[in-house]
Amino acid sequence: MIFLFVPVKETKEGNVTVIEGVLTETDGKIEEVDNPHGACPICSRNLTFTWKDVHILSQFMRPDGQVMPQQVTGVCNTQHKKLFMAIEEAKQAGLFPDHKPRMGDVTAVKASEVPLNRFNDYCPPDWVVMKTMTNVPHPQIPYRKLRRYTKINPKIVRTAARKRP
Amino acid sequence: MASRVQQHWLTFSRMWLLCDARWQPAPELAKRICKYLEGRHKPVYHPLTDCGDHVVVINTKEVAFDKNQWEKKLYAVNTGYKNTMIAMSAKDFHRMDPTKVVEREVYSELPKNLQRKNLMTRLHLFPDENIPDNIKQNLVDIIPPVMEPPKRLDEFTEEEKASWPRFFIPPADYKPSD
């Protein structure tokens, strides 16, 4: 089977830069199944996926890090919603380090806002609430106490935490 | 005698177990470690018997939390005096000492009695895979992991990526960068 892709090619000749899209042919294997009712590529194969299944999720992603639109993939509404959630969970876990928005765009995020050098996060499979993705402060602590907590003297913590036999 | 358990020499001997904390959820890992520290996996277990094992935990630098717990979770210390409660987020606490989060989770999970500090002395934490030789020669068994660690996309080779089956073909005119 022939798999077509359009990478952008830049060539510089003095002051002139030429940007062009080149059609390239690469080999891609497709599992063909009986699909009399015209179901979407995920429903017709009875696939189930989680945030760990990188080999499924990376096919439906742009290099930007977003999901491909439904007009391109042909995925139904319910599976498209699951793909969106699973990709967001996998991106928080840092499984797609190379899928970043291009720098210098208007829509791109600034380099200072991207949380680099994070520790390991994971998402349980039952995670549904999208609101928790943002870094919300602790809701149980009122603002007065939070001001007091943020004054940290690391010397005192170090001595107090190591009080062990 | 009802049972011949007490006649055997090795019933109350301490074993040394290895535990890998890479990509393991910290609170659930602590529950599993406490089971082996107290000796609840043995049929001889009784809370008054001292039949726990040694647990050696490696790769504590790569322990995991879910959602936004690195920013949300606070580890507090109270010195006993008024207005001296100090709290630090898990991210700062982990950055200060990478073995401290696992130690604190296990300490809070153990039963709150006088035996707790004795059990904590049998917990050996290492941030990396490097273990001194006097501990390595004692190791007997491995504690099974809680969660299978996921694999990043750039860790796969290109031969593996080419062997994955594809589910759809994008049209030839589609430009995915936009």
Side-chain angles (χ1 to χ4, degrees), chain A residues 1 3-6 8 21 23 27-31 41-42 45 47 51-52 54-56 58-60 62-64 68 72-75 90 93-99 102 118-124 127 132-138 141 148-149 152-154 156-158 160-161 164-165, chain B residues 22-23 25 61-79 83-88 90-97 100 103-104 117-118 120-121 147-148 150-154 156 160-178:
Chain A
M1 188 66 71
F3 182 71
L4 297 171
F5 189 62
V6 191
V8 177
L23 286 174
D27 293 332
K29 300 168 187 173
I30 287 190
E31 284 185 346
I42 296 174
R45 294 177 175 82
L47 283 176
W51 59 279
K52 284 183 189 177
V54 182
H55 60 287
I56 294 174
S58 63
Q59 294 183 24
F60 296 93
R62 304 188 303 193
D64 195 1
M68 277 188 186
V72 177
T73 58
V75 178
L95 302 186
F96 296 109
D98 297 332
H99 289 67
R102 281 190 298 168
R118 285 177 65 89
F119 300 120
N120 288 342
D121 283 0
Y122 77 99
C123 309
W127 183 37
T132 54
M133 260 182 57
T134 56
N135 298 330
V136 184
H138 202 284
I141 299 173
R148 201 176 69 200
Y149 285 163
I152 293 163
N153 191 357
I156 299 171
V157 176
R158 217 168 280 158
R164 253 182 61 188
Chain B
R22 185 173 180 274
W23 272 106
K61 194 186 283 182
E62 301 185 25
V63 78
F65 268 115
D66 64 338
K67 297 175 186 176
N68 57 350
Q69 290 288 311
W70 282 114
E71 293 87 8
K72 184 180 166 185
K73 189 149 191 169
L74 294 175
Y75 290 100
V77 170
N78 196 349
T79 57
N83 292 334
T84 54
M85 186 168 171
I86 301 157
M88 194 182 266
K91 184 187 279 186
D92 297 334
F93 205 59
H94 194 64
R95 197 166 282 160
M96 192 175 77
D97 191 348
K100 204 59 100 174
E103 181 192 342
R104 194 65 185 272
K117 290 179 181 175
N118 291 329
M120 285 296 291
T121 57
M147 189 177 80
E148 289 185 1
K151 207 173 177 183
R152 278 186 278 120
L153 186 64
D154 57 345
F156 292 99
E160 289 176 343
K161 288 180 184 176
S163 67
W164 293 343
R166 298 191 178 277
F167 304 119
F168 78 102
I169 305 172
D173 299 335
Y174 180 62
K175 190 184 170 190
S177 60
D178 289 334

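So you know, we letter chains A, B, ... as the sequences are listed, proteins then strands, and number each from 1.
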pair [X]-[Y]: side-chain heavy atoms closer than 4.5 Å:
X: B:R104; Y: B:F93; result: yes
X: A:V75; Y: A:I42; result: yes
X: A:V54; Y: A:F96; result: yes

When you measure from the side chain of A:Q59 to the backbone N and O of B:P165, does any donor-acceptor pair fall under 3.5 Å? yes
Could you look at B:K161 and say if it's the side chain, the backbone, both or neither that has a heavy atom under 4.5 Å from chain A?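 No part of it gets close to chain A.
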So for B:E148, is it side chain, backbone, both, or neither that comes closer than 4.5 Å to the heavy atoms of chain A? both
Looking only at B:H94, B:K61, B:R22, B:Q69, the option with the highest number of non-hydrogen pairs under 4.5 Å against chain A is B:H94
Which of the residues B:M147, B:K151, B:E160 is involved in the greatest number of heavy-atom pairs with chain A at under 4.5 angstrom?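 Ranked by contacts with chain A, first place is B:M147.
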Under 4.5 Å from any heavy atom of chain B - which part of A:S58: side chain
Over 60° means perpendicular and under 30° means parallel, so tell me whether B:F65 and B:W70 are parallel, tilted or perpendicular.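 The arrangement is perpendicular - the two ring planes meet at more than 60°.
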